[in-house]
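One-based numbering, in listed order, for ligands and for the atoms of each. What you see below is based on every heavy atom in this structure, not just the backbone, and it leaves out hydrogens, waters and symmetry mates.
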Amino acid sequence: MGLHMQVIIALLLGIKRNAHIFIGLILGIVVGYFFPHNSYPQVYKILDFIGQAFISIIQMVVLPLVISAIIIGISNIGDSKQLAKLGSKMLIYYGIITITAVSIAALIAIILQPGLSAKNLVNPDIATNIQNYVADAIQYQKENMSQIFLDLIPKNPFSALAKGEMIPIIIFVSIFAIALSRAGEISRPLISFFESIFAATMKVTDWIMYLAAPGIFALTATSVASFGVDVFNDISKYVLAVCLALAIQFFFVYPLLLKIFSKVPPSKLYAAISEAIMVAFGTASSSATLPLTITCCEKRGISNRVCSFVLPLGATLNMDGTAIVQVIAVIFLIQMYGIDLTPLLIVEISVLAIVASSTCAGIPGAGLITIALVLNGIGLTPQQLLLGFSLLFTLERILDMLRTICNVTSDAVVAALIADNENELNHELLLGLNKEQ
Ligand code: ASP
């Protein structure tokens, strides 16, 4: 049986184990379809309230979880050689996954040419103007890039914490954790303190999951209820290209990586994280799904040391699904406005998408906002592409839900790869899934 078929079967088995969440999801689609936002604003309001409340409740545990997990993760690793080894492995795997993602996305966008079907919507004068702007590209990009990196330095960690800016927080906490592990015995009480916080947040996550079915129901219903069906024709090829690229990544690339670099059976891993996959779909937020991703991975045999190091970092830095959408969206706009898509421009878009996706927060909609960085990089602003940009927003929520599945799954894949390479994967626990089903 092909790897992708094994993955599909494993997912179905995982869904069976979490049937209540799946039922919530299907009911959400049905209710959203029969109660469109425009005709039933009151129903929408109630569903939106429930959905937002669910997301807020999960987000409540994200900050304490990320901070405690990174501190435990790094201080558990101990010596600097081990830390460098794990850190570089993680970056290499995340790098391979993201570079593959943008390459697949660019290839599909070039073959399918999604922007051509929307080309007739653009006024030719506007298109000519826009083509002229591309000339300033390189200079603009250089100036912008340095500011982006400057913003990542946590000059006031408390302000970053209050604003929930994940990357500066992660940088500060990682440095702090390395210092703690160097400080020796004296840091033990503080590390124990964070171990207690971690244990308590995981407990709260278990409780929150009782709310998963109604939460996912409400979130899916509101997404479907606000569907922009009227413009579907103009962007159907864009949607197809995005879905195709995400599906290739999800069904072929991850299983293949697991096969090549580890002894982890892809089907077992997918079954193990199926609950997290459904929550990722419902919430469209990798950060909000993080507590569950950690729970699923740890319960199925990936060591706490690897999970607490790799998953919180991945939930913020590794956004291959987002990179896919950004590449296809920008190529869509370029084709729509008749800009010449040179090989150099494709490489530039791909590199910018890797940077933009890694600096993007794991929250709903962040990916399409950080696309501005890619556009600025090639000398355009979203305002200049107003029509095209607003078209992209019409089906944004659904595509966000799909790309978040990839963002979350690839984190778990990398955790499994590293755990297996480091002999920190309990294969019996992972393989034992079948017996429970
Ligand atoms: N919603 C995505 C995530 O949380 C980010 C994005 O908007 O692409 O992973």
Side-chain angles (χ1 to χ4, degrees), residues 51-52 54-63 65-66 94 97-98 101-102 104-105 164-167 169-170 215-216 219-220 222-223 226 238-239 241-243 245-247 249-250 254 273 276-294 296 310-330 332 349-350 352-375 382 389 392-415:
Q52 293 310 320
F54 177 63
I55 292 209
S56 301
I57 291 173
I58 334 190
Q59 276 174 340
M60 173 179 86
V61 292
V62 169
L63 265 187
L65 183 68
V66 168
Y94 282 148
I97 283 182
T98 311
V102 293
I104 292 172
E165 294 166 349
M166 291 315 271
I167 295 186
I169 293 175
I170 284 180
I216 301 295
L219 286 167
T220 318
T222 46
S223 308
S226 46
Y238 163 70
V239 174
V242 169
C243 292
L246 291 174
Q249 187 80 349
F250 185 82
Y254 306 148
I273 58 165
I277 290 176
M278 283 190 278
V279 171
F281 180 76
T283 58
S285 167
S286 348
S287 288
T289 313
L290 177 65
L292 197 65
T293 320
I294 296 183
C296 289
V310 173
L311 294 174
L313 294 174
T316 314
L317 301 176
N318 173 47
M319 300 271 178
D320 55 327
T322 301
I324 285 179
V325 175
Q326 290 179 332
V327 167
I328 298 179
V330 172
F332 168 87
I349 292 169
S350 305
L352 285 166
I354 293 175
V355 178
S357 62
S358 322
T359 56
C360 147
I363 54 172
L368 215 56
I369 296 168
T370 46
I371 221 176
L373 168 67
V374 187
L375 290 175
F389 212 59
L392 293 180
F393 268 100
T394 47
L395 286 183
E396 158 61 5
R397 175 72 191 193
I398 295 287
L399 296 184
D400 193 5
M401 292 156 98
L402 293 173
R403 68 182 180 248
T404 307
I405 291 184
C406 276
N407 292 342
V408 168
T409 308
S410 58
D411 296 340
V413 166
V414 172

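Considering Thr289, Asn318, Asp400, Thr322 as possible partners of Asn407, the one that fulfils the side chain to side chain donor-acceptor pair (under 3.5 Å) test is Thr322.
Remark: side-chain polar atoms of Gln326 are not paired, donor with acceptor, to backbone N or O of Val102 under 3.5 angstrom.
Between Pro291 and Val61, the shortest heavy-atom contact is CG-CG2, 3.7 Å. Contact detail for Ala245 and Ile324: the closest heavy-atom pair is CB-CG2, 3.6 Å.
The side-chain contact (heavy atoms from CB on, under 4.5 Å) check on Val330 picks up Ile334, Ile349, Ile371, Val374, Leu375, Ile378, with sequence neighbours excluded.
A heavy-atom distance below 4.5 Å is found between the side chains of Leu290 and Val66.
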Tabulate distances under 3.5 Å between N/O atoms of ligand 1 and N/O atoms of the protein, writing both atom names on each line.
{"from": "ligand 1", "atom 1": "1 (N)", "to": "Ala284", "atom 2": "O", "distance (Å)": "2.8"}
{"from": "ligand 1", "atom 1": "1 (N)", "to": "Ile363", "atom 2": "O", "distance (Å)": "3.1"}
{"from": "ligand 1", "atom 1": "1 (N)", "to": "Asp400", "atom 2": "OD1", "distance (Å)": "2.7"}
{"from": "ligand 1", "atom 1": "1 (N)", "to": "Thr404", "atom 2": "OG1", "distance (Å)": "3.2"}
{"from": "ligand 1", "atom 1": "4 (O)", "to": "Ser286", "atom 2": "N", "distance (Å)": "2.8"}
{"from": "ligand 1", "atom 1": "4 (O)", "to": "Ser286", "atom 2": "OG", "distance (Å)": "3.1"}
{"from": "ligand 1", "atom 1": "4 (O)", "to": "Gly362", "atom 2": "O", "distance (Å)": "3.2"}
{"from": "ligand 1", "atom 1": "4 (O)", "to": "Ile363", "atom 2": "N", "distance (Å)": "3.3"}
{"from": "ligand 1", "atom 1": "7 (O)", "to": "Ala366", "atom 2": "N", "distance (Å)": "3.1"}
{"from": "ligand 1", "atom 1": "7 (O)", "to": "Gly367", "atom 2": "N", "distance (Å)": "2.7"}
{"from": "ligand 1", "atom 1": "7 (O)", "to": "Asp400", "atom 2": "OD1", "distance (Å)": "3.3"}
{"from": "ligand 1", "atom 1": "7 (O)", "to": "Arg403", "atom 2": "NH2", "distance (Å)": "3.0"}
{"from": "ligand 1", "atom 1": "8 (O)", "to": "Thr322", "atom 2": "OG1", "distance (Å)": "2.6"}
{"from": "ligand 1", "atom 1": "8 (O)", "to": "Arg403", "atom 2": "NE", "distance (Å)": "2.5"}
{"from": "ligand 1", "atom 1": "8 (O)", "to": "Arg403", "atom 2": "NH2", "distance (Å)": "3.4"}
{"from": "ligand 1", "atom 1": "9 (O)", "to": "Ser286", "atom 2": "OG", "distance (Å)": "2.3"}
{"from": "ligand 1", "atom 1": "9 (O)", "to": "Asn407", "atom 2": "ND2", "distance (Å)": "2.8"}

